[in-house]
Structure formats: C-alpha cells, structure tokens
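What follows is a set of notes on a single structure, which appears directly below.
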Amino acid sequence: MLVRASQYFLPTWKEDPAEAELPSHKLLLRAGMIRKLAAGIYTYLPLCRRVLHKIETIIREEMDAIGGMEITMPVVHPAELWAETGRLQDFGPILGRFRDRAGREMVLGPTHEEVITDIARREIRSWRQLPLMFYQIQTKFRDEPRPRGGLVRAREFTMKDGYSFHESKEDLDQFYRKVYQAYLHIFHRCGLAVVPVEADPGLMGGSESHEFMLPSPYGEDAFIQCENRDYAANLEGAVSPKDEDPPEPLLPLEEVATPGCYTIEAVAQFLGVPTRKTAKAVFYRTPKELVFVVIRGDLEVNEAKLARALGTTELWPAREEEIAAVGAVPGYASPIGIKRDGVKVVVDDSIPKARNLVAGANREGFHLRNVNFPRDFQADLVADVALVRDGDRCPRCGGRLSLLRAIELGHIFKLGTKYSEAMGATFLDREGRPKPLIMGCYGIGVGRLLAAVIEAHHDEEGIVWPANLAPFQVVVSVLDPKRPELLALGEDLAQGLAEAGLEVLLDDRDQSAGEKFHDAKLWGIPVLVVVGPRAAAQNRVELERRRDGEKRAVEARRDPVLCAVRELLAQNG
RNA sequence: CGGAGAGUAGCGCAGCCUGGUUAGCGCGCAUGGUUCGGGACCAUGAGGUCGCCGGUUCGAAUCCGGCCUCUCCGACCA
C-alpha cells in the first residue's frame, strides 16, 4: 500500500508542546498522531490509527488463539444494571452519568463485567456450554480525577477487555494461565519487556490478580521487585517479612516527659532512640467501628492491606474527635489504657517481633518506654498491614526488594462468583444443580500500550517504532519533487515496494530536505529511502535505517531497492 | 480533593512588577520569486473578544475580586 504525504494528514510540530512532560506525550503530539479535545480526551489522527490497528491485530490474534470470541458491548448502560452489583455506588464520581430523554439514569461504561454477566445469565444454562471467553476492543470512559501524560492515563481510552466463564475453579485456573501467557506474548510482540506482578484485586473483587508492568521513570504506577527476580508485587499487595529484634530483657514500663513531641521523628530524636524502637498509632474509621492500628514507628500503614485484613472496602482516616472519644490523645495516643468498646485494635506483625518500644502515654506531653506486646496491651487482630519499602527483604528468598516506577499495561483477575452471584448468573452443573458461573476478566489499555511502546522506543529525534508496529515500513523521500524525473523515480520505487507488500509513505511534499529528514525521524518509520539529485545523478538512491542511522547506497531500480529495504527491516529486530 | 504553575495569533514565547499611541518576536500559514542532501532565502500579506465575568481608573493585557480551563506533584485509580 502506498500513501502520498502530500495528500495525507501529517501535522507535525517542530517544538515541544508546553502541555506535555512525558516523552511519549510530546512525541505523539509532535508527530501529528494525537490532538487533545479536553483533559484526558484525545483524537487519534491517521498515523496513530495505523499503529493502533497493528497493536489491535496482535491482541486479536492472541485472544483468538486461546479461544476468545470478539464481541462489541454497548458504551451506554442503564444505571440499574450497575446498581445490581453495588458498583453504581462503589465507582462514585469516576462513572460518567447522564439521563436519557425519558429521565432514566444511564452510565458510560468504565468496564463491562455487568453487561457481559447480563448476557451470561440470559444465555448460559448448562455446563456443556462452558468454558466461554469473550473480548472486545472498545472505548471506555472513566472520569479520573487526574488524567496525565497524554495516553498514559486518559479519561476516554481504548481498552481490550475480556471475560471468561467456567464451571469450576480448576477450569478458571487453567484458563487464567493461558491468558497470562497470551498477555506475555502480546507485550513481547510489541517489543516491551513487561514484568508480571502479583496484584490486589481491589474494586474488581476476586481471589487472584496479576498486573503487567513496564518499568519506566514516567510510570503512573509502581511495583516492588526482588533483585533475584523471584518476586514481584504491586504496592498494595506487596509483603515483606519483618526482622525480629535481637533478644533483650523486657524492661518495666516507664513514663517519660516528651513535651511538644507530636510525631514519631520528634519523639525518637528527643529520646535518642531509632524510629524502629517506637510504636506508632494510626486511626481509621470503617462503617462499623474505629480502627486503632499499632505499627512499628519506622513503617507506614498500607491501607489496602489493612482493608483486606478487616474484610472491608470502606476505610477512611479517623477525625480527631473520633480518636478522642475512645480516650486516646492525638499525638500521644497509646494502645494502653483506651476504651475498648467500639474500637478494633489491629497490631501489625512488626510489633510482636520488637521489644521495649517507645509508645504514647495517652497523656499530653508524655510517652511510655519499654512497651511490649502482648505483655502491656491486647489486640483484636495481629496482621501484616505495613507498606513495603525500597530495600526490604524478599518474602521468597530474602533478597533486596526495590521499588520501581512503571506503566501498568494489563491486569488480569480471577473474579470467581462476585458478579454471577450478585446478578444471578447460574448454570446447571454435571449433577443438574444450579451453580453461579465462575468468571475471570482480563484488560489491556490499548492507547496506554501504544504510549508505552514510544516510551521504550524513542530517541532525541523522535519515535523509533519496532518494524511490526510502524505506521509505514518505509518512507520514500523525494528531495526535490518539482523535478519531474526525480518525482517519477520516487513514485516508481515506492510503487515497487508497495507491490511487494510493504506499506510505503511517499514523501512528495514540496518542502526542504531537512524538514523531510526530520519528519521521517519524528514518525519513526524504520527505513528511509532518499531520492535526491546527488545520488540520482549516479543512478543511485540512499537508504537509511532509523534505529541506528546506518546508511547504504543502492542502484535506483525496483529490485535492488526492495532487496535492501527488506534487509534493513529484517535486521531491525 | 490538597499543593504548585500556566492561559497573549495555529505552535513556542516576550510584554504585566512600575496602567498610557495602532499589542510584539520567532516559527508556521497565503501569494510571488530565488533555492533544493540534514528544520533555506527575499518581498508582500492574512491572522488577536490578551481565558471569562465584574470592579478600580480619564485610560486595563497590565491593578483588585470571582469564576473557568489546562499542566505538574500528591491523594485517588480494573
């Protein structure tokens, strides 16, 4: 296929736009691939559409290969459907809403578990129909509070979402592994070295989940990875064993004056002890009760882990008056001597391993030395609720963990029966008994994936597409298209390449040579064929490879040019 | 939602502090001409409710108040 640049829409910019920070965002704008309509809402221009099409093709091939069937679900859903699972509430303001002319409340789909489960409950009756896997590539809308980085986090975005239905947990487990592998293939084929990490299912619910992360300094997310590569987890789910303090005799409680020491740092400094020899009190509120968390002073509470330990999804920081109501003194709060009714005391598992800690005395201006658990206070729950830090130990091998920024490209979940139970989607099992369908769901952010490919494949001059994703494989640049013989030569060579099955951009625009060279680099097209007067005088054209700038001159005829282009493309990796 | 910054021609910016002719520069765009291998040159020209609303003033891009939008950091986030 052959496209003439003079008749195509390729609005490039010379300068970096003021609104962009990330390389992918700047390059998408400069290369004329996207334009912004509003915060986090973009038009995909022709060059972008071509690349998206290639990414989508890879995704379709991999989904089809594991038995996925492509469908398209509606963008607009009745709000009632979302009320069935409780997510009309849970999603809150993220959900785009409007009323139709009859006054019925509608939502813009941020994801499609409810819709596919509605299909399933109407159509799936027997175990004989299972398993089933559906997927779609479609526009989603989520009114995120902070869109950022162009396509890295948009409010309106393209997503591949897939949903599978199974008769048993075992069948889901087996299929989940297939999807996991298919996802690795997809990212590999896009030229990305992603890391699968263990993740927290969060709002989606379910038992097990993995995120596919591309490490990047510009990532919108982060994860924890072991130096020995045997453990990777997202921040909300990461665990690390706590070190036991060296044995020391348990000393008697002792109250000490610590005027003006409202923070752990201040207390530790005032008393000359390290922060890890202190116990910190942190207060939360759930719909049911006040939660008093006791954690080692050098650690932070991981609210996702705490919520999971409490079996709740709703958790907020407590207000001062709620803290005071149970007899705790903010700034000097202590688990010793508080009212126990209506308070749940959660002790992080760092505390039983520590000895002789400094904790609040529940008295303005005083702390206690030599606090020991469980000698001095009791817990309703002992659990790991700490945020893992850079440098902590790996739970598998004891190696060092590091915190890496990353772009989350995909997320897969074993949903189990959360949606099928809420919505009454059942089937008759082999014994003829009705059972809720067992589900999995699988998402890839397609636009984010495209942005991630640019983050991973660019240089100072522009994008450097992997050959299989490039919008065109070759650009044939006619330096002086006003000369009929040069234009004719360029057209003939471009035609030859196109007839051989390549996607060719013929740059026949009447612009200076420099501008055309710069645009070709900005667009990231793998091979440039230069048709210029200098080489043409010797009946030659010059080829240049985008990735490394390697140049070669070949005879200006179809066959030698095709042959050389193919070689350069093949070595493009 | 908390913090920070920005909004002047299609893009990038200056002018604002210290109010005063017709609001400027570079790029881009249009027309004509000269050029033609790494973001050319000359000439002419088009293009602006200075984000919006209100106030102060003889006079506001400039000072004051309110609002809107966008960007970044954080919180949040399948």
Side-chain angles (χ1 to χ4, degrees), chain A residues 11-22 25-26 29-30 32 35-41 87 90-95 109-114 140 142-150 152-155 157 159-163 199-206 209-212 218 220-222 234-236 303-304 315-317 408-415 418-419 440-445 448 461-462 477-483 486-487 509-522 528-537 540-542 544 549 551 553:
Chain A
T12 55
W13 291 345
K14 278 187 196 173
E15 290 171 286
D16 277 343
E19 72 184 53
E21 295 276 321
L22 308 207
H25 189 191
K26 288 180 184 171
L29 287 165
R30 285 189 54 206
R35 289 295 180 259
K36 184 179 70 187
L37 180 63
I41 302 182
R87 292 207 299 180
D90 294 347
F91 262 86
I94 301 267
L95 213 48
T111 174
H112 282 71
E113 284 75 17
E114 280 78 1
K140 301 280 190 267
R142 293 182 190 178
D143 197 355
E144 298 283 358
R146 186 153 102 83
R148 57 170 295 238
V152 168
R153 184 197 281 175
R155 290 193 295 166
F157 58 100
M159 175 176 232
K160 187 289 295 180
D161 47 325
Y163 307 89
D200 178 56
L203 246 191
M204 298 297 296
S209 146
H210 287 85
E211 290 174 346
F212 294 80
Y218 297 104
E220 88 296 349
D221 207 339
N234 77 355
L235 224 41
E236 293 80 47
E303 294 179 9
L315 188 72
W316 318 276
E408 180 195 335
L409 296 177
H411 202 160
I412 61 178
F413 301 82
K414 290 182 185 173
L415 294 175
K418 171 172 169 164
Y419 297 90
C441 80
Y442 320 97
I444 291 178
R448 183 181 280 182
E461 300 187 273
S477 202
V478 181
L479 293 191
D480 187 0
K482 279 188 180 159
R483 292 200 199 176
L486 277 184
L487 183 58
R509 297 173 304 167
D510 185 21
Q511 292 184 8
S512 75
E515 284 181 286
K516 295 165 117 169
F517 288 133
H518 279 274
D519 279 349
K521 288 191 170 165
L522 190 54
L528 168 66
V529 177
V530 181
V531 180
R534 206 167 68 192
R540 295 170 95 76
V541 292
E542 193 169 273
E544 181 174 341
K551 292 180 187 174

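The model shown is predicted, which means the values in this text are computed figures rather than measured ones. Sequence lines set the chain letters: A, B, ... in the order given, protein chains first and strands last, and positions in each chain run from 1.
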Just to be sure I understand the rule, does E544(A) reach a base, reach only the sugar-phosphate, or reach nothing, if contact means heavy atoms closer than 4.0 Å?
base
Where the side chain of R155(A) meets the backbone of E144(A), is there a donor-acceptor pair that is under 3.5 Å apart?
no
Phosphate oxygens OP1/OP2 of C73(B): is one of them under 4.0 Å from a side-chain N or O of R148(A)?
yes
Please report the distance separating the C1' of C42(B) from the corresponding atom of G5(B), rounded so that it comes out in whole Å.
41 Å
Which part of the nucleic acid, if any, lies within reach of A535(A) when heavy atoms closer than 4.0 Å are counted: base, sugar-phosphate only, or nothing?
base
Sort out the partner of C50(B) for me: Watson-Crick or G-U wobble, both distances under 3.5 Å, none otherwise.
none
Rounded distance (Å) that lies between atom C1' of C77(B) and atom CZ of F157(A):
10 Å
Within-4.5 Å side-chain heavy-atom neighbours: L95(A) and P110(A):
yes
Is any NZ, NE, NH1 or NH2 atom of the basic residue among E113(A) and K418(A) found under 4.0 Å from an Asp or Glu carboxylate oxygen of the other?
no
Atom CD of E21(A) and atom P of A4(B) are separated, to the nearest Å, by 18 Å
Donor-acceptor pair present, K26(A) side chain and G12(B) base, under 3.5 Å
no
C1' atoms of U22(B) and C67(B), separation to the nearest Å:
32 Å
Atom CH2 of W316(A) and atom C1' of C76(B) are separated, to the nearest Å, by 16 Å
Please state whether the phosphate of C36(B), meaning OP1 or OP2, lies under 4.0 angstrom from any side-chain nitrogen or oxygen of K482(A).
no
Please answer whether the main-chain N or O of L29(A) pairs with a side-chain N or O of R35(A) as donor and acceptor at a distance below 3.5 Å.
yes
Scan E542(A) against the nucleic acid and name what it touches under 4.0 Å (heavy atoms): base, sugar-phosphate only, or nothing.
base
Can you find a donor-acceptor pair, distance only, under 3.5 Å between E15(A) side chain and G39(B) base?
no
Would you mind reading off the distance between K516(A) atom NZ and G37(B) atom C1', rounded to a whole angstrom?
11 Å
When the C1' atoms of U8(B) and U62(B) are compared, how many Å lie between them, rounded to an integer?
12 Å
Sticking with atom C1', work out how far A46(B) lies from G51(B), rounded to a whole angstrom.
24 Å
Between C17(B) and G3(B), how far apart are the two P atoms, rounded to whole Å?
27 Å
Paired nucleotide for C58(B) [Watson-Crick or G-U wobble; both distances under 3.5 Å]:
G20(B)
Any salt bridge linking E544(A) with K521(A)? Criterion: basic side-chain nitrogen under 4.0 Å from a carboxylate oxygen.
yes
If you check the R146(A) side chain, which of A40(B), G38(B), C72(B) turns out closest?
C72(B)
Is there a donor on the side chain of R153(A) or the base of C77(B) sitting less than 3.5 Å from an acceptor on the other?
yes
Assigned partner base of G10(B), Watson-Crick or wobble definition, under 3.5 Å
C27(B)
Find which nucleotide of RNA chain B each of E515(A) and K36(A) is nearest to by heavy atoms, and output the residue with the more 5' nucleotide.
E515(A)
Taking C77(B) as the reference, what is the distance to A4(B) when you measure between their P atoms (whole Å, please)?
24 Å
Would you indicate whether the side-chain heavy atoms of H112(A) and Y163(A) approach each other to under 4.5 Å?
yes
If we take the C1' atom in both A14(B) and G54(B), what is their distance in whole Å?
28 Å
Between C58(B) and C29(B) - C1' atom distance, rounded Å
40 Å
Check every strand shown and say whether G150(A) touches a base, only sugar-phosphate, or nothing at a heavy-atom separation below 4.0 Å.
nothing
At under 4.0 Å between heavy atoms, what does D519(A) touch on the DNA or RNA strands: base, sugar-phosphate, or nothing?
base
If you find the nucleotide of RNA chain B closest to G40(A) and the one closest to R30(A), which residue's nucleotide is nearer the 5' end?
R30(A)
Interatomic distance where CG belongs to D480(A) and P belongs to U34(B) [whole Å]
13 Å
G39(B) -> Watson-Crick or G-U wobble partner, both distances under 3.5 Å, gives none
Can you tell me the distance, in whole Å, between the CG atom of L235(A) and the C1' atom of C76(B)?
14 Å
Output yes when a side-chain donor or acceptor of E408(A) lies under 3.5 Å from a complementary backbone atom of E220(A), and no otherwise.
no
When you measure from the side chain of K160(A) to the backbone of Y442(A), do you find a donor-acceptor pair of N or O atoms at a distance under 3.5 Å?
yes
Which nucleotide, A75(B), G38(B), U71(B), lies nearest any side-chain atom of F517(A)?
G38(B)
Distance in angstrom units between D16(A) CG and C72(B) P, rounded:
14 Å
Please give the nucleotide sitting opposite C70(B) as a Watson-Crick or G-U wobble pair, both distances under 3.5 Å, or none.
G5(B)
Find the distance H518(A):NE2 to G38(B):C1' and express it as a whole number of Å.
6 Å
Which part of the nucleic acid does P533(A) contact within heavy-atom distance under 4.0 Å: base, sugar-phosphate only, or nothing?
base
